[in-house]
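What follows is one structure encoded as structure tokens, with my remarks underneath.
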There are 2 protein chains.
Amino acid sequence: MVGRLVENLELYGRLSELDRRAIAALPLTLRRFEPGEDMVIEGDAPSHCRLLISGLAFRHKTLRDGRRQIMSFHVPGDICDIEGLLLSMDHSVSALSRAEVGFIPHLAMEALLDGHPAISRALWRTELVEAAVAREWMVGMGRRTAYARIAHLFCEMYARLGAMGLVENGRCRFPITQTHLSDSLGLSVVHTNRVLQALRGDGLLSFRGGELIVHDWPGLQAAGEFDPAYLHLRSVAA
Amino acid sequence: MVGRLVENLELYGRLSELDRRAIAALPLTLRRFEPGEDMVIEGDAPSHCRLLISGLAFRHKTLRDGRRQIMSFHVPGDICDIEGLLLSMDHSVSALSRAEVGFIPHLAMEALLDGHPAISRALWRTELVEAAVAREWMVGMGRRTAYARIAHLFCEMYARLGAMGLVENGRCRFPITQTHLSDSLGLSVVHTNRVLQALRGDGLLSFRGGELIVHDWPGLQAAGEFDPAYLHLRSVAA
DNA sequence: CGTGAACTTGAGATTTCTCAAGCGGGGTGG
DNA sequence: CCACCCCGCTTGAGAAATCTCAAGTTCACG
């Protein structure tokens, strides 16, 4: 159940057997979410952490008039609302696809962190990587064209999913709509659609029915000015 | 020397006398940076943490062709490269104004964190707040007009500086150029300049020679769609 | 008095947006 | 089993925001 979490935490350094056993012993309540369903809402002060076990999720803020900004995507092994441990939520988290989520009581989490500095440090590190990703998104929204921005996002997800073994033969599932894509990148759906066609036309990728196919990985990286260093992964999808 | 840091860490909950004394006992080497000088550079793997003692600093990434994106501003009491403790730097940090910086060896920092869970937690919380600010910037760059974006940034800094007691009579020092402003918000200098004039013309603020004067705080907040909740401050400048 | 950085202005070029409408497939009720 | 409907995708076209280029101004500083 927590396999992906341990994997995630061990990306940069092994945990002790003791640490691993403590994680495995976490009390976990399972729940399933349907696509689009909210897992936490802005303003909540959650009493549990939500560990994504299968499926994808995303963080977002929605303004009064309906404009929405998606701020990150989450893959299995991520805790989607870790900040809820210390702060109230200033944004919402929703399921992208059908998702299985493990609920871990804050009390258990706090005990785990206080008793296991190595886990605390590893979890903090995943947090820092998330912040690095957020900064890279800022660079994109502030300083890159729509074309580069879209290319970059696909590079990022391709690399992240690849690192989890979810890329096969240049293909991976990435079940988002063009609306999600637009809301991630700060674009209109219309423009996103046209730029997507350009990327396809340039032979870089196809994206259809929630499946991403990368036809020209070096070309796509160049188009997106993608340098995976900020992901702090150990290896990158070939 | 570390007064601001303790203040910062105690924003949400007191530390014990023991914790406070441990912080005060940190070995600290002082160094001064001139405006624009780099404190850490992308790619560095620092061996010390940089605690900002006086002055302002900012994080940024610069692309090959010179486009730059500023990703955050830092005030006294912030550790500007805390992620260097666990990761290599994927961006640079530079001094905005003349700044005094305390260098703390990573070894001392690690010992402090491992021995004092409360400090570890408090520091993590400041990190989470930073991430929240980053998300709000994303909303701005993705979904707000230049006018709202500029207003919002000034609201944010006014609130943050106000919370530190650095606002007096609706005025505060915020020593950035219009170029910095543009690079923070993903705008061209020309456009920034014109929008700034509009904000001044609408009687919301003046910004000249690195001094921000807020003439109409409610109006400015409305223009920027500013809701300080994401800053997770205890109080907001009046 | 000369110089450079920051700021300002003008004007045309681009990117991206908005509005409006048509298309297509999967799901549902009759 | 079929018609209908909705959501997501696509296209067209004019509008708006923002950018780039180019030059002029101001002011602090040496």
Side-chain angles (χ1 to χ4, degrees), chain A residues 34-37 58 63 65-70 94 96-98 140-153 173-201 205-213 223, chain B residues 34-37 58 63 65-70 94-98 140-154 173-201 205-213 223:
Chain A
E34 294 305 313
E37 199 179 343
F58 65 105
L63 307 181
D65 63 358
R67 279 171 299 161
R68 180 175 69 166
Q69 178 67 43
I70 292 178
S94 307
L96 199 56
S97 55
R98 170 172 294 189
M141 291 200 283
R143 291 302 181 209
R144 286 198 253 259
T145 64
Y147 188 87
R149 237 183 286 181
I150 295 183
H152 194 279
L153 179 60
R173 296 237 71 231
F174 183 34
I176 68 173
T177 66
Q178 294 187 7
T179 303
H180 287 119
L181 203 49
S182 314
D183 287 342
S184 310
L185 301 169
L187 299 169
S188 70
V189 192
V190 172
H191 197 55
T192 298
N193 177 274
R194 290 198 240 256
V195 174
L196 219 36
Q197 292 177 49
L199 283 162
R200 200 181 302 143
L205 59 77
S206 328
F207 180 62
R208 205 167 201 98
E211 188 184 43
L212 168 66
I213 308 179
Chain B
E34 294 306 312
E37 199 179 345
F58 65 105
L63 306 182
D65 63 356
R67 279 171 299 162
R68 180 174 70 167
Q69 179 66 43
I70 293 177
S94 307
L96 200 55
S97 55
R98 170 171 294 191
M141 290 200 282
R143 291 303 182 209
R144 287 199 252 261
T145 64
Y147 189 88
R149 238 183 284 180
I150 295 183
H152 194 280
L153 179 60
F154 280 124
R173 295 237 72 230
F174 183 33
I176 68 174
T177 66
Q178 293 186 9
T179 302
H180 287 119
L181 203 49
S182 315
D183 287 342
S184 310
L185 301 168
L187 299 169
S188 69
V189 193
V190 172
H191 197 55
T192 299
N193 178 276
R194 291 199 239 258
V195 174
L196 219 35
Q197 291 177 50
L199 283 162
R200 200 179 304 144
L205 58 78
S206 330
F207 179 63
R208 206 164 200 102
E211 188 183 45
L212 169 66
I213 308 178

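Below, chains carry the letters A, B, ... as their sequence lines are ordered, and counting in each starts from 1.
Look at CZ on A/R67: it is 13 Å from P on C/dC17, rounded to the nearest Å. Computed from coordinates, the A/H191 NE2 to D/dA13 C1' distance equals 15 Å when rounded to whole Å. B/R143 places its CZ atom 13 Å from the P atom of C/dT16, with the value rounded to the nearest Å. Taking atom NE2 of A/H180 as the reference point, atom C1' of D/dC9 lies 15 Å away to the nearest angstrom. One atom, CZ of A/R144, and another, C1' of D/dT18, lie 19 Å apart when rounded to the nearest Å. Atom CZ of B/F207 and atom C1' of C/dA6 are 11 Å apart (whole Å).
Between B/L63 and A/R144 the shortest side-chain heavy-atom distance falls below 4.5 Å. Proximity of A/I150 to A/L187: side-chain heavy atoms (C-beta onward) are separated by under 4.5 Å at one or more points.
In this structure, A/E34 pairs ionically with A/R98, as a charged nitrogen and a carboxylate oxygen lie closer than 4.0 Å.
Considering only residues two or more places apart in sequence or on other chains, B/F58 meets the ring pair (Phe, Tyr, Trp, His ring centres under 6.0 Å) condition with B/H60, B/H180. The side chain to side chain donor-acceptor pair (under 3.5 Å) search around B/S182 returns B/T192, not counting sequence neighbours. For A/R143, the salt bridge (charged side-chain N to carboxylate O under 4.0 Å, His left out) partners at least two apart in sequence or on another chain are B/D183. B/F174 is linked by a ring pair (Phe, Tyr, Trp, His ring centres under 6.0 Å) to B/F73, counting only residues two or more places apart in sequence or in another chain.
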Restricting both atoms to N or O, compile the protein contacts to nucleotides 8-11 of chain C shorter than 3.5 Å, with distance only.
unit_1	atom_1	unit_2	atom_2	d
C/dT8	OP2	B/Q178	NE2	2.6
C/dT8	OP2	B/N193	ND2	2.3
C/dT8	O5'	B/N193	ND2	3.2
C/dT9	OP2	B/Q197	OE1	2.5
C/dT9	OP2	B/Q197	NE2	2.8
C/dG10	N7	B/R194	NH1	3.2
C/dG10	N7	B/R194	NH2	3.4
C/dG10	O6	B/R194	NH2	3.4
C/dA11	N6	B/R194	NH2	2.8

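When every heavy atom of A/L153 is checked against every heavy atom of A/S184, the shortest pair comes out as CD2-CB, 4.2 Å.
When each of B/G186 and A/T177 is assigned the nucleotide of DNA chain D bearing its nearest heavy atom, the one mapping closer to the 5' terminus is A/T177.
Over its full length, the helix from C/dC1-D/dG30 to C/dG30-D/dC1 turns its helical axis through 40°, comparing axes from the five pairs at each end and rounding to 10°.
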